[in-house]
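Everything numeric in this text was worked out from a predicted model, so none of it was measured. In this chain, numbering begins with 1 at the start of the sequence shown. Heavy-atom basis, side chains included; hydrogens, waters and symmetry copies ignored.
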Amino acid sequence: MADMKAFRDEIDRWAAGGPDGTAKELAAALGLWTAVLLEGPSDVAAVEALAARHGRDLAAEGVCVVSMGGAMNVARYAGLLGPPGLGLRLTGLCDEGERGFYARGLERAGAPSGGFFVCAADLEDELVRALGPERAEEVVRAEGDLRAWQTFLNQPAQHGRSRQRQLRRFLGTKKGRKIRYGRLLVEALDTERVPRPLADLLRSL
């Protein structure tokens, strides 16, 4: 039986210059109609966690959530998954600072840009602001990262920064931490305080 992980692996191989046959076969077998293009795996974790909180199985609904491995790859992935390639409907998130780059990349790929929702800085910043720094720090403590957090705060580079900026930076200081907290921060949110770009994305699916 086809599974979403196998499809995503094939898409990555295709994006790296491999053949497209298996990806096309898996897309058909999975009944895919939409691809959610995200910059990295932490964004994937957050989107999938929010969908799960709403009782939704995106894979069963024909939606594939894809990590592009960086915003610079948007034209490539849009070309493979969108109208020029597999013909899937495209949507996703982008950062405010990269909005123009996304628009140009999607245009080069011959894909529409209207389905993308913009985060002010990035998704982690949106989540920390939605939770508030105090609640976000509670999540850090609950995860057993209090000592690492305190050590981080003592670094001279963090002095004078707002707590929100410190938290956002902390999430990116260790491999795998952003992915883990992408899910945890979403799970800690009150349902009425989901950041608008993330909420709008889920409603569009």
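Nearest heavy-atom pair across S204 and T91 is OG-OG1, 3.9 Å. R53 and T191 get closest at one heavy-atom pair: NH2-CG2, 3.4 Å. A pairwise comparison of heavy atoms in V118 and E96 identifies CG1-OE1, 3.4 Å as the closest pair. Closest heavy-atom contact between V139 and A188: CG2-CB, 3.7 Å. Between A78 and P84, the shortest heavy-atom distance links the atoms O-CD, 4.1 Å. Between W14 and A23 the shortest heavy-atom distance is CE3-CB, 3.9 Å.
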| task | I would like to know whether M4 and C64 meet side chain to side chain contact (heavy atoms under 4.5 Å, CB included); could you show each step before the answer? | result | CA-CA 7 Å; M4 195 61 74; C64 180; 3.5 Å; yes
| query | Going through the distances and angles, do E107 and R104 end up as a salt bridge (charged side-chain N to carboxylate O under 4.0 Å, His left out)? | reply | CA-CA 5 Å; E107 183 179 8; R104 292 188 296 274; over 6 Å; no
| query | Can V47 and R183 be said to form a side chain to side chain contact (heavy atoms under 4.5 Å, CB included), step by step? | reply | CA-CA 8 Å; V47 169; R183 173 180 59 83; over 6 Å; no
| task | Check the pair R168 / D122 against salt bridge (charged side-chain N to carboxylate O under 4.0 Å, His left out), numbers first and verdict last. | result | CA-CA 9 Å; R168 180 183 170 219; D122 55 27; 3.0 Å; yes
| task | Evaluate side chain to side chain contact (heavy atoms under 4.5 Å, CB included) for M72 paired with F101, printing each intermediate quantity in order. | result | CA-CA 8 Å; M72 298 295 288; F101 179 79; 3.6 Å; yes
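At a cut-off of 3.5 Å, with distance as the only test, a side-chain donor of R161 or Q158 sits close to an acceptor on the other residue. Between the side chains of T173 and R177, at least one donor-acceptor pair of N or O atoms lies under 3.5 Å. Under 3.5 Å, the side chains of D145 and Y181 contain a donor-acceptor pair of N or O atoms. Between the side chains of R169 and Q166, no donor N or O sits under 3.5 Å from an acceptor N or O.
In this structure, CG in L37 is found 11.0 Å from SG in C94, a value given to the nearest 0.5 Å. Here the NZ-OG1 distance, from K24 to T22, works out to 11.0 Å after rounding to the nearest 0.5 Å.
Side-chain contact between L184 and E143: present, with at least one pair of heavy atoms (C-beta onward) separated by less than 4.5 Å. Two residues are said to be in side-chain contact when any heavy atoms from C-beta on lie closer than 4.5 Å; R141 and W149 fail this criterion. Looking only at side-chain heavy atoms (C-beta outward), I11 and Y77 come within less than 4.5 Å of each other. A heavy-atom distance below 4.5 Å is found between the side chains of L198 and V186. Side chains of L171 and L185 form a contact here, defined as non-hydrogen atoms less than 4.5 Å apart. L153 places a side-chain heavy atom less than 4.5 Å from the side chain of R163. Side-chain contact between L127 and L189 is present, with at least one heavy-atom pair separated by less than 4.5 Å. When side chains are defined from C-beta on, P133 counts as touching L167, because their heavy atoms get closer than 4.5 Å.
With hydrogens and angles ignored, the 3.5 Å screen pairs a side-chain donor or acceptor of W33 with a backbone N or O of E61. Not one N or O on the side chain of E98 forms a donor-acceptor pair closer than 3.5 Å with the backbone of A71. Not one N or O on the side chain of R135 forms a donor-acceptor pair closer than 3.5 Å with the backbone of V128. Of the possible polar contacts, one joining the R193 side chain to the A130 backbone as a donor-acceptor pair under 3.5 Å is found. The backbone N or O of V63 lies less than 3.5 Å from no partner atom in the side chain of T34, so there is not a single donor-acceptor pair. The main-chain N or O of G105 is never found under 3.5 Å from a side-chain atom of R76 such that the two would form a donor-acceptor pair. Listed for the D3 side chain is a donor-acceptor partner under 3.5 Å among the backbone atoms of K5. The main-chain N or O of P195 is never found under 3.5 Å from a side-chain atom of R129 such that the two would form a donor-acceptor pair.
Among V36, L90, L81, the single residue meeting the side chain to side chain contact (heavy atoms under 4.5 Å, CB included) criterion with V66 is L81. For the side chain to side chain contact (heavy atoms under 4.5 Å, CB included) criterion with E39, the lone passing option out of L93, D95, V74, L123 is D95.
Geometrically, R196 does not engage F117 in a cation-pi contact, judged by NZ or CZ lying under 6.0 Å from the ring centre and within 45° of the ring axis.
The hydrophobic clustering, which links ILVMFWY residues whose side-chain heavy atoms are closer than 4.5 Å, places L202 and L131 together. Linking Ile, Leu, Val, Met, Phe, Trp and Tyr whenever their side-chain heavy atoms come within less than 4.5 Å leaves L32 and V44 in two separate clusters. Residues L86 and V65 do not share a hydrophobic cluster, defined by chaining ILVMFWY side chains whose heavy atoms lie under 4.5 Å apart. L38 and L58 fall within the same hydrophobic cluster, defined by Ile, Leu, Val, Met, Phe, Trp and Tyr side-chain heavy atoms under 4.5 Å apart, directly or through other members.
A salt bridge is defined here as a Lys NZ or Arg NE, NH1 or NH2 lying under 4.0 Å from an Asp or Glu carboxylate O, and E48 with R8 meets this definition.
Among residues two or more places apart in sequence or in another chain, the salt bridge (Lys or Arg N to Asp or Glu O under 4.0 Å) test is passed with E124 by K178.
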